[in-house]
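For reference, positions follow the sequence shown, starting with 1. Small disclaimer: the values here were computed from a predicted structure and weren't measured.
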Amino acid sequence: KDHVALLLLFGTLTSINYPQTYPNSTVCEWEIRVKSGQRVQLKFGDFDIEDSDACHFNYLRVYNGIGPTRTEIGKYCGLGFQMDSLIESKSNEVTVQFMSGTHLSGRGFLASYSTTDKSDLITCLDNASHFSEPEFNKYCPAGCVIPFADISGTIPHGYSDSSSLCMAGVHAGVVSNILGGQINVVISKGIPYYESSLANNVTSKEGLLSVSLFTFKTSGCYGTLGMESGVIPDSQITASSSLEWPDQTGQANIWTPERARLKRPGPPWAAFTTDGYQWLQIDLNKEKRITGIITTGSTIVEYYYYISAYRILYSDDAQKWTVYREPGVDQDKIFQGNTEYYREVRNNFIPPIIARFVRVNPLKWHQKIAMKVELLGCQFNIDLRNLENTCLRCRAPKLTMPPPPQSNNDFSMQTDKTTSTPEIKNTTVTPTVTKDVALAAVLVPVLVMVFTTLILILVCAWHWRNRKKKAEGTYDLPYWDRAGWWKGMKQFLPAKSAEHEETPVRYSNSEVSHLRPREVPTILQTESAEYAQPLVGGIVGTLHQRSTFKPEEGKEASYADVDPYNSPVQEVYHAYAEPLPVTGPEYATPIIMDMSGHPTAPLGVSSISTFKATGNQAPPIVGTCNKLLARTDSSSSAHALYDTPKGMPGPDSSVELVYQVPQSMPHFTGS
């Protein structure tokens, strides 16, 4: 009969030989006691007890209380019996009794226990495939490092979904096997291959493709503290001694402490003396929060040296040293070291160490004491101290130096052995989780606002331009909706001959007023037209021909009511020639005249007519009146360029003609 008293708040119970068949004729009892006012709960992960005798000789009983006054909660048996519900006590004490008689089969049972405030309690056999949520929190009991549970994978890549959640949590360093604790699990898509590694005395195995994998969310305080990167200078790495010997050339080889940088090529630090008093010391320059350590051996195949077990000491002043112990344990923590010379092995400190100085004290080694090391952790502040309230216990004062162990590497010590020599790759436990890109959430609204602003600016500019054109006057470029799209486009195309058009061309007052005088003659040179042509170019200069459109009847609203042919002070230029008087023809018509009676014009005076001359070359036009002449060519001294049309009095002639020939033009005989 075995009797075990358990005072821990969380833990794991198994029958003898589990998961193999439990022995015959045995009685085992476990007494569980928690703080007064609390209650105990049990959760079974596996239950397989033979029931051929109807629970008379093979059964499990749970009692409220301890001793003779205890009362029974329940009696259970059955092969493959499913016990999904929790069993809760009515007091702070519980007794669990397992009885076995003669039987042929049955694995026994595995159960976890905790206080009733841990409603999310799971067992050491639960894996990620038992839960459908993509992210969840569970509470792991203590004691889940068991030989019959398997895990595949490592951090930060993740673990196969068939791995035990709690055992993987111990391997990852998020919970302690002694204490248990809360885990935050994230499920994601599986990967084709899972690496093996050794960490926290747990060996993970290589694994193949799985449907999904899981990782753990943590505080993120698992970064390297500067051994590999060189942030910690050589002067802050010291040791008890250094291995030194001459090589074949007689030059001394010294494996000094600064060579103990993880992943650096070359030899490691090695102690000159091979005993339990050797140490490697690292000064972090100020107090840090230290959450783990990674070690390797010599990493040189010719020197198969490594440390297989060690202790950790820490201090704030390098004078008084404290040996690391797990909470509630009265013995120094012995850390699992390397099993070969080159693979990395990680150990985590739960709770973390808060210190400036750290010492590694080798206890067991192969051939010689040699190692490379890196510390894991982060900056320390008051907030982290408050979050890790259990860390205060790891700072309790203790002996200044550990008692000396035996001086050889064959002394007996209690360290768990591993099944393989895995490769460790570790920097942080924080998983890589795909999230919506916060950057996209910021950029998309910004881009929408920018494009919206540009569109508003363009719309406002278009409206402003239209309003400005309307404010300039009624004579403007034709709009597309005034005469149709094709009629508007024809104004910008060259015409081979003058054709009748019903829609007049309108010119902007502003364009006429800004036309340079010397541009008028050139613009007005064109082929003959059926109607009198505009006297100013305006937009016609860009159209490469003058309009042949019939002028509108009546006067335009903006035309001045003055004589367009003989007005010495008129400042307004007309876009079209005014119609002839009512008594005459409706439009001006070329007339063949006898020019023999006119004197020859003096030299230097140009011949001018508003009609096309014989031949292909049109005579240049100087202007429409005296005022226009003065504007277009200041060097000309002619008094008048045109005489008065038929029916109107002229300044120098009393003879009535249909149209008098300009006075400066030479005349010829003949018809």
Side-chain angles (χ1 to χ4, degrees), residues 176 219 221-242 256-262 268-273 275-295 307 309-335 337 347-363 369 371-405:
S176 167
S219 62
C221 188
Y222 294 91
T224 57
L225 292 180
M227 285 292 288
E228 177 186 349
S229 63
V231 172
I232 301 174
D234 293 346
S235 59
Q236 293 176 202
I237 307 173
T238 56
S240 55
S241 63
S242 298
T256 54
E258 58 267 20
R259 294 181 178 271
R261 298 182 183 274
L262 190 71
W269 164 74
F272 181 79
T273 305
D275 58 30
Y277 293 101
Q278 304 305 307
W279 46 263
L280 176 70
Q281 178 177 308
I282 302 171
D283 178 9
L284 298 174
N285 198 39
K286 63 180 180 179
E287 204 171 53
K288 298 286 182 67
R289 184 173 184 249
I290 309 165
T291 59
I293 183 173
I294 304 174
T295 60
I307 296 171
Y310 58 90
R311 292 185 295 184
I312 294 294
L313 296 86
Y314 56 94
S315 173
D316 292 332
D317 55 6
Q319 300 297 322
K320 296 179 180 180
W321 294 89
T322 302
V323 181
Y324 183 83
R325 291 181 176 181
E326 291 180 303
V329 180
D330 295 332
Q331 297 179 351
D332 299 341
K333 169 74 173 179
I334 305 300
F335 292 92
N347 283 285
N348 291 94
F349 307 133
I350 303 175
I353 296 172
I354 309 299
R356 172 181 172 178
F357 298 92
V358 176
R359 276 188 180 182
V360 181
N361 174 217
L363 298 177
I369 297 174
M371 71 183 309
K372 294 181 180 181
V373 65
E374 178 63 277
L375 295 177
L376 306 176
C378 59
Q379 300 294 328
F380 172 69
N381 53 52
I382 299 300
D383 293 336
L384 291 176
R385 186 194 295 267
N386 293 335
L387 289 174
E388 296 290 345
N389 51 10
T390 58
C391 187
L392 299 178
R393 290 181 287 178
C394 71
R395 297 174 58 85
K398 200 181 174 294
L399 54 105
T400 57
M401 280 297 293

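For the pair T224 and L375, the minimum side-chain heavy-atom distance is 4.5 Å or more. Residues I282 and F357 are not in side-chain contact: their nearest non-hydrogen atoms beyond the backbone lie 4.5 Å or more apart. Counting heavy atoms from C-beta on, the side chains of R311 and W279 never come closer than 4.5 Å. The closest side-chain heavy-atom distance from I237 to M227 is below 4.5 Å. In this structure, the side chains of L313 and N361 come closer than 4.5 Å at one or more pairs of heavy atoms. Within the 4.5 Å cutoff, the side chain of C221 has no heavy atoms near those of the P352 side chain. Contact annotation: the side chain of I312 approaches that of F349 to within less than 4.5 Å [non-hydrogen atoms, C-beta and beyond]. Between R356 and I290 there is no side-chain heavy-atom pair separated by less than 4.5 Å.
Remark: R359 does not engage D283 in a salt bridge, criterion side-chain N to carboxylate O under 4.0 Å. Classification of R325 and D332 as a salt-bridged pair holds, one side-chain N sitting under 4.0 Å from a carboxylate O.
Ring orientation note: the planes of Y310 and F335 are close to parallel, at an angle under 30° on the 30°/60° scale.
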Discussion item. Side chain to side chain contact (heavy atoms under 4.5 Å, CB included), that's the test. Do S241 and Q278 meet it? Break it down for me.
Written reply: CA-CA 7 Å; S241 63; Q278 304 305 307; 2.7 Å; yes
Discussion item. Is there a side chain to side chain contact (heavy atoms under 4.5 Å, CB included) between Q236 and N285? Walk through the geometry before answering.
Written reply: CA-CA 8 Å; Q236 293 176 202; N285 198 39; 3.9 Å; yes
Item to complete: Start with the C-alpha gap between D234 and R261, add the side-chain angles, then the distance that decides, and say whether side chain to side chain contact (heavy atoms under 4.5 Å, CB included) holds.
Response: CA-CA 10 Å; D234 293 346; R261 298 182 183 274; 2.7 Å; yes
Worksheet item: What do the steps show when you test D317 against S315 for side-chain hydrogen bond (donor to acceptor under 3.5 Å, both in side chains), and what is the final call?
Response: CA-CA 6 Å; D317 55 6; S315 173; 2.9 Å; yes
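One distance of note links CD1 of I369 with CG of L363; it measures 9.0 Å at 0.5 Å rounding. In this structure, CG in L376 is found 7.0 Å from CG in N348, a value given to the nearest 0.5 Å. Summarising the geometry, atom CG belonging to N347 is positioned 10.0 Å from atom OH belonging to Y324; distances are rounded to the nearest 0.5 Å.
Checked against V373 for a side-chain contact (heavy atoms from CB on, under 4.5 Å), the options L280, V358, I307 give a single hit: L280.
Heavy-atom minimum distance, R289 versus F380: N-CB, 3.7 Å.
Note that R259 lies outside the cation-pi zone of W269, set by a 6.0 Å cut-off to the ring centre and a 45° limit from the axis.
Qualifying salt bridge (charged side-chain N to carboxylate O under 4.0 Å, His left out) partners for E326, counting only residues two or more places apart in sequence or in other chains: K333.
Here the side chain of E374 pairs no donor or acceptor atom with the backbone of L262 at under 3.5 angstrom.
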